[in-house]
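Note that the coordinates shown come from a computational prediction; the quantities given were computed from them, not determined experimentally.
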Amino acid sequence: MEGTNSMNVRLASVNDIEGIARVHVDSWKSTYHGILPDTVLANISIETRINNWKLILNNLHQDEVIYIIEDDSGNIVGFVHGGKCREMEYDFELYALYLLKTAQGNGYGKLLFNKIVQTLQQRNYQSLMLWVLEENPSIYFYKRLGGQYITKKEIKIGEVKFTEIALGWNRG
């Protein structure tokens, strides 16, 4: 999978639910291995994620958008999901951006991120933020894209407490 020429970025549909769920589970297991407790990762199932994504895709809010990225065989290798900011004074929140491990490092994450930013600009939004676990190596990806530290909070995953960092972009 070299270059982004063979990649297709498009809006997600209900037909993509299983592919999105598979990417979500696989990327969690590879990204958070050694960070989250093994018991948490072992309990993440494609079936549960399919049900979650059915709910999300069948009840999208006006501000919500989900893009998928497919390889040249039509397999979903990543997705980005964002919508109205849930708890801060930003216009938009990036809820999730996940890629299969095999698709990482090829510019596809940046492609998905830029697609969300383009959508925001079309909707005249001025700011974007996201939450990322402090231990998640993706924090450096977001900082390279210009994300600025806003704040942090403690969250609990399984029985373990983690620090989540908020990063933001102002486009005004």
Side-chain angles (χ1 to χ4, degrees), residues 1-57 64-83 93-117 128-147 149 152-167 169:
M1 283 199 278
E2 287 188 7
T4 54
N5 295 342
S6 61
M7 292 310 218
N8 179 37
V9 177
R10 64 171 173 79
L11 281 171
S13 75
V14 290
N15 299 329
D16 300 319
I17 288 171
E18 190 173 330
I20 293 170
R22 195 168 302 282
V23 167
H24 202 167
V25 170
D26 290 353
S27 61
W28 259 62
K29 289 186 178 194
S30 63
T31 301
Y32 297 119
H33 177 75
I35 297 172
L36 296 182
D38 291 341
T39 51
V40 169
L41 294 176
N43 287 322
I44 297 171
S45 74
I46 290 177
E47 294 72 29
T48 303
R49 292 294 175 189
I50 285 173
N51 290 332
N52 291 351
W53 284 106
K54 274 183 190 170
L55 269 174
I56 291 167
L57 274 156
E64 220 169 336
V65 64
I66 303 168
Y67 289 103
I68 57 133
I69 189 165
E70 299 170 310
D71 63 17
D72 51 8
S73 303
N75 299 310
I76 296 172
V77 297
F79 70 91
V80 64
H81 176 210
E93 180 176 347
L94 188 69
Y95 302 146
L97 193 163
Y98 289 108
L99 290 170
L100 293 178
K101 191 163 189 67
T102 55
Q104 293 174 9
N106 295 306
Y108 308 145
K110 188 174 181 182
L111 207 61
L112 286 170
F113 183 85
N114 287 340
K115 189 69 175 173
I116 281 280
V117 169
L128 163 71
M129 65 80 57
L130 59 81
W131 290 99
V132 60
L133 279 183
E134 190 172 42
E135 296 87 350
N136 184 337
S138 298
I139 197 166
Y140 302 107
F141 165 77
Y142 295 120
K143 286 181 176 180
R144 279 194 308 275
L145 291 174
Y149 176 87
K152 63 184 178 180
K153 69 180 178 182
E154 201 173 79
I155 61 166
K156 201 170 180 185
I157 301 174
E159 296 302 312
V160 183
K161 290 180 180 174
F162 292 92
T163 300
E164 233 180 3
I165 304 291
L167 296 176
W169 291 258

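Smallest separation of non-hydrogen atoms from L97 and G109: CD1-O, 3.8 Å. R10 and S13 get closest at one heavy-atom pair: NH1-N, 4.4 Å. Of all heavy-atom pairs between I155 and I157, the closest is CD1-CD1, 3.9 Å. The nearest pair of heavy atoms linking V65 to L11 is CG2-CD2, 3.4 Å. Listed here is the closest heavy atom pair of F162 and P37: CZ-CD, 4.1 Å. When all heavy atoms of I76 and L100 are compared, the pair lying nearest together is O-CD1, 4.1 Å.
Qualifying ring pair (Phe, Tyr, Trp, His ring centres under 6.0 Å) partners for Y95, counting only residues two or more places apart in sequence or in other chains: H81. Partners of K153 according to the side chain to side chain donor-acceptor pair (under 3.5 Å) rule, which considers only residues two or more places apart in sequence or in another chain, are E87. Residues forming a side chain to side chain donor-acceptor pair (under 3.5 Å) with Q104 (at least two apart in sequence, or on another chain): none. Take S45 and apply the side chain to side chain contact (heavy atoms under 4.5 Å, CB included) test, not counting sequence neighbours, and it matches E47, T48. Under the side chain to side chain donor-acceptor pair (under 3.5 Å) criterion, T163 pairs with no residue at all, not counting sequence neighbours.
In this structure the side chain of K54 never reaches within 4.5 angstrom of the side chain of V14, judged on heavy atoms. Side-chain contact between I66 and I56 is present, with heavy atoms from C-beta onward closer than 4.5 Å.
The distance from atom OH of Y108 to atom CG of L99, rounded to the nearest 0.5 Å, is 9.5 Å. Interatomic distance, CG of L145 versus NZ of K143, reported as 12.5 Å (0.5 Å rounding). Summarising the geometry, atom NZ belonging to K152 is positioned 6.0 Å from atom CD1 belonging to I165; distances are rounded to the nearest 0.5 Å. I20 CD1 to L57 CG: the interatomic distance, rounded to the nearest 0.5 Å, is 5.0 Å. Atoms CD1 and CG, on I17 and N52 in that order, are 10.5 Å from each other to the nearest 0.5 Å. Distance CG/D38 to NZ/K29: 10.5 Å, rounded to 0.5 Å.
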Show every donor-acceptor pair shorter than 3.5 Å between a side-chain atom in residues 128-139 and any protein atom, with sequence neighbours excluded, or say none if there are none.
unit_1, atom_1, unit_2, atom_2, d
N136, OD1, S138, N, 2.8
N136, OD1, S138, OG, 3.0
N136, ND2, Y32, OH, 3.3

Check step by step if side chain to side chain contact (heavy atoms under 4.5 Å, CB included) holds for D16 and F79.
-> CA-CA 10 Å; D16 300 319; F79 70 91; over 6 Å; no

From CA spacing to verdict: side chain to side chain contact (heavy atoms under 4.5 Å, CB included), V77, M7 | CA-CA 9 Å; V77 297; M7 292 310 218; 3.6 Å; yes

Evaluate the side chain to side chain contact (heavy atoms under 4.5 Å, CB included) criterion for residues V80 and F113: first the C-alpha distance (whole Å), next the side-chain angles of each, then the deciding distance (0.1 Å), finally the verdict.
-> CA-CA 7 Å; V80 64; F113 183 85; over 6 Å; no

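In terms of modelled atom types and a separation under 3.5 Å, the side chain of D71 and the main chain of N75 share a donor-acceptor contact. Of the possible polar contacts, none joining the T31 side chain to the W28 backbone as a donor-acceptor pair under 3.5 Å is found.
Counting heavy-atom neighbours within 6.0 Å of Y149 OH, excluding the residue itself, gives a total above 12. The number of heavy atoms from other shown groups lying within 6.0 Å of NZ (K101) does not exceed 12.
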